[in-house]
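In what follows, a single structure is set out as structure tokens and then discussed.
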Amino acid sequence: MLVLLKKGVSETGASDIAGRLRMLGLSVHRTDHAGQIRLGAVGDGVPVQWDKVREWAGVEAVRPIPVPFKLVSRAFHPHDTLISVGRCTIGSPQLALMAGPCAVESEAQVFTVAAAVARAGATVLRGGAYKPRTSPYSFQGLGEEGLKLLRRAADAHGLAVVSEVLDSALVPQVARYADILQVGARNMQNFALLHEVAHAGKPVLLKRGLASTIEEWLMSAEHVLSQGNAQVILCERGIRTFETYTRNTLDLNAIPVVKELSHLPVIVDPSHGTGIRNKVAPMARAAIAAGADGLIIEVHHDPDHALSDGPQSLYPQQYQELVDQIRTIAGVVGRRV
Ligand code: PEP
Ligand code: MN
């Protein structure tokens, strides 16, 4: 339920109301919008006499939130969530440009790619140190050594860091080096991991599962918000369909759908969304035209020898050209690079 407080209610009045709702067994989350305090009171199966709550001093109205993802919904939180990371504010008119290798492979590799993406205009360096690979015989990532290299390369170029956390036990370690914790497509419904990353107190990049509906994806975001961390960046990265000419089917519908349903920023990963180098730029341009808040793109200076996802990685020069095109498209849709 959404409990709207009267304008001008004091802070003590508001916390009294929140306290009384908690006493009923609900968990209470607050957001302020247009000079009004809004309390999201959630808890399945908790019997509450809402007619009575409506009469409490300081309460203006009580309304149901008509979707299962309560805290993630615009009904609860009408204005866009902004997430500040390093030099960029994700969800603001300035697009969030995240780029880097699929996996951190070596010092030379990550420093070369970091320099190139920073020069092109990216503000966040991506790179996996723990990789979710289909084959156990494929490169699994450099682990903590990779995180150290990624952090040093990012710092050398004024970039923030996003890196994937594969396992709950690794959250403290990844959080020591990364500014944004990535939950990968394969882990979108690993609820224990979602709770653990929420508690790390850092922004979470939540990729859409390979076969997940938008509602399931938003419910996974709800897991993070329900744990008190509202800094979630949604990432559309393509879904599994019957199509075989591309690695995945990049669902650009998700952008306007999510924008209407939720206040959370949504970015697009056209690298995994297509799996094919020369399809990345067209879909990146389309994503920005469709209203995405940013892009996460794989870039490698020597993709033929990349240890993962070389065929979908852009050369640094291609990334530079893409950012220049994105700058033009951004202007048309009221955004900037
Ligand atoms: C990645 O970003 O390298 C990755 C593994 O992504 P996803 O979880 O979307 O497959
Ligand atoms: Mn990859």
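Starting from 1, each residue takes its place in the sequence as its number. First listed ligand is number 1; within each ligand, the first listed atom is number 1. This structure is a prediction, so every number in the text was calculated from the model and none was measured. Note that these values count all heavy atoms, side chains included, but never hydrogens, waters or copies made by symmetry.
- When atom types are taken as modelled, the side chain of Arg87 and the backbone of Gly158 share a donor-acceptor pair closer than 3.5 angstrom.
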Practice problem: Dump the intermediate steps for salt bridge (Lys or Arg N to Asp or Glu O under 4.0 Å) on Arg237 and Glu298, then the final yes or no. | Solution: CA-CA 12 Å; Arg237 49 77 72 206; Glu298 290 182 343; over 6 Å; no

Practice problem: Would you sort out whether Asp16 and Arg20 count as a salt bridge (Lys or Arg N to Asp or Glu O under 4.0 Å), showing the intermediate values? | Solution: CA-CA 6 Å; Asp16 281 354; Arg20 287 175 75 185; over 6 Å; no

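- Below the 2.8 Å limit, the Mn ion (ligand 2) has as protein N, O or S neighbours Cys102 SG, His272 NE2, Glu298 OE2, Asp309 OD2.
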Quiz item: Can you list the steps and then say if Asp309 with Arg247 is a salt bridge (Lys or Arg N to Asp or Glu O under 4.0 Å)?
Solution: CA-CA 11 Å; Asp309 286 348; Arg247 180 176 176 183; 3.0 Å; yes

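- Proximity of the aromatic rings of His195 and His223 is defined here by a centroid distance below 6.0 angstrom, and this criterion is met.
- Scored by the side chain to side chain donor-acceptor pair (under 3.5 Å) test, Arg38 finds no partners at all (sequence neighbours excluded).
- For ligand 1, the protein residues placed under 4.0 Å by at least one non-hydrogen atom are Cys102, Arg126, Lys131, Pro132, Glu164, Gln182, Gly184, Ala185, Arg186, Lys207, Arg237, His272, Glu298.
- By the salt bridge (charged side-chain N to carboxylate O under 4.0 Å, His left out) test, Lys70 pairs with no residue at all, sequence neighbours left out.
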Exercise. Determine, stepwise, if the pair Lys6 / Glu60 fulfils salt bridge (Lys or Arg N to Asp or Glu O under 4.0 Å).
Key: CA-CA 5 Å; Lys6 289 195 169 127; Glu60 183 182 287; over 6 Å; no

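- With Asn190 contributing its side chain and Leu193 its backbone, the two residues share a donor-acceptor pair below 3.5 Å.
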